[in-house]
Amino acid sequence: MQQSPAVIRSRRVVLPDGERPADVLVRDGRIEQVAAHGSLLAGDAHLTDLGECALLPGLVDTHVHVNEPGRTEWEGFATATRAAAAGGVTTIIDMPLNSIPPTTTLAGLAAKRGIAEGQAWVDLGFWGGAIPGNAGDLEPLHEAGVFGFKSFLAPSGVDEFPHVEQADLEKALAEQARIGALAIIHAEDPAVLAAAPQHPGVHYRDFLASRPDDAEAAAVARLLDTARRTGARVHILHVSSAAVLPLLAQARADGVQVTAETCPHYLTLTAEEVPDGDTAFKCCPPIRDESNRDRLWAALAAGEFIGVVSDHSPSTPNLKLLQSLGGSGDFAAAWGGIASLQLGLPAIWTEARRRGHTLADVVRWMSAGPASLVGLDGSKGAIAVGHDADLVAFDPDAEFSVDPAGLHHRNPVTPYAGRTLSGAVRTTWLRGRVVDVHGEPFGRQIRRPLPS
Ligand SMILES: [Zn+2]
């Protein structure tokens, strides 16, 4: 679609080499020029002057569970992508579960792509899944453009997406090494989980004891050993425990191709503050204590995580067993997953600023890093000439109190309810067009770029 050119001007444009005043010229959905502030005459172009409001590249969130088809009442494409756009996220990569069917076959991928068509407010890609018995499906899915394959080392929480035992893992990683795919792994060890004390109920400390640090460390150690032997490129999803950090460092030193991510809830929330019975905070692996959180921040600052992504994983409020809705508040039985697609940017910015980090750091963690993980760094994740004009006007000094009623995801349950966060998304542009979450969606389905 032809668009008239636009100039977006801000005193605070976050570019790959840092923040500075600049003008950004957008034409036909792409960034055509980045020039000195005030230097581009508008001419036939439409000028938007953001003043002191910052201009960021749109966020790339590589860890989103949409759940449609099959569990659309948990979350669907329309609601998830609208929440994404409202939160400054312009690209999401959808996880292969908890939809039915899961994205473990070509037919499953076709079902996802078919139902998502015309529903997405942001650009949208898909992960595949590697489960016991589907090694033969991986190459066709890879060729069809999925961004890699997710496996669980412990039960996933849904029956149609079983976890891999060691023999399945070996097979899946060997096949992914052969075809050049990225293996993304939920790393908790089922034997450690089974041996941990199980005390169901409303006490968060009991839930935390049931998912110990060792479960993550043991799973990561086993995964890294398997990656070393198979030559697969692996990515550790949602690192919660700082106990895995030394293992990652050692593996990298040994030449294993490994990256890792963490999530806003592990960086902004702590076990100490989770109220008993408040299962909005339940996720797996769990939110841990404050000293652990400090170690995650130190690792993030040191570049040990390639990105910070939401792991947006909602369910219906009744499956969360929320006490506010008459549920039991039992952490062991409640659905494990936190819905935060719309809030990740202000949540991280609030804590990052407090710790002395800059908007450029946040952009590296939430936009450039995830884009590079999935090979989209040639078109997404930066305000750079030739990139898609996926942009966000972000007021870093605005403050707001989180009201679940203002969230666009399907079930407005969030552990951030009532918190005061810094930073507000004012406008989101997708390929040069302002996204209006009350208008028409024009997100595109995207595929893994072929290696050049
Ligand atoms: Zn997840």
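If you're wondering where the values come from, they're calculated on a predicted model, not measured in any experiment. Counting starts at 1 for both ligands and their atoms, following the listed order.
The Zn ion (ligand 1) lies at 2.8 Å or more from every N, O or S atom belonging to H186. Here H65 reaches the Zn ion (ligand 1): one of its N/O/S atoms is less than 2.8 Å from the metal.
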Check the pair R229, D225 against salt bridge (Lys or Arg N to Asp or Glu O under 4.0 Å), reporting the backbone distance first and the verdict last. CA-CA 6 Å; R229 282 184 285 103; D225 180 56; 3.2 Å; yes

side-chain contact (heavy atoms from CB on, under 4.5 Å) between E175 and F149, intermediate numbers included: CA-CA 11 Å; E175 176 64 359; F149 296 93; over 6 Å; no

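A salt bridge links R71 with E160; the closest basic N to acidic carboxylate O contact falls under 4.0 Å.
Aromatic ring orientation, F161 versus F152: perpendicular (interplanar angle above 60°, classes split at 30° and 60°).
Looking at D311, its N, O or S atom nearest to the Zn ion (ligand 1) turns out to be OD1.
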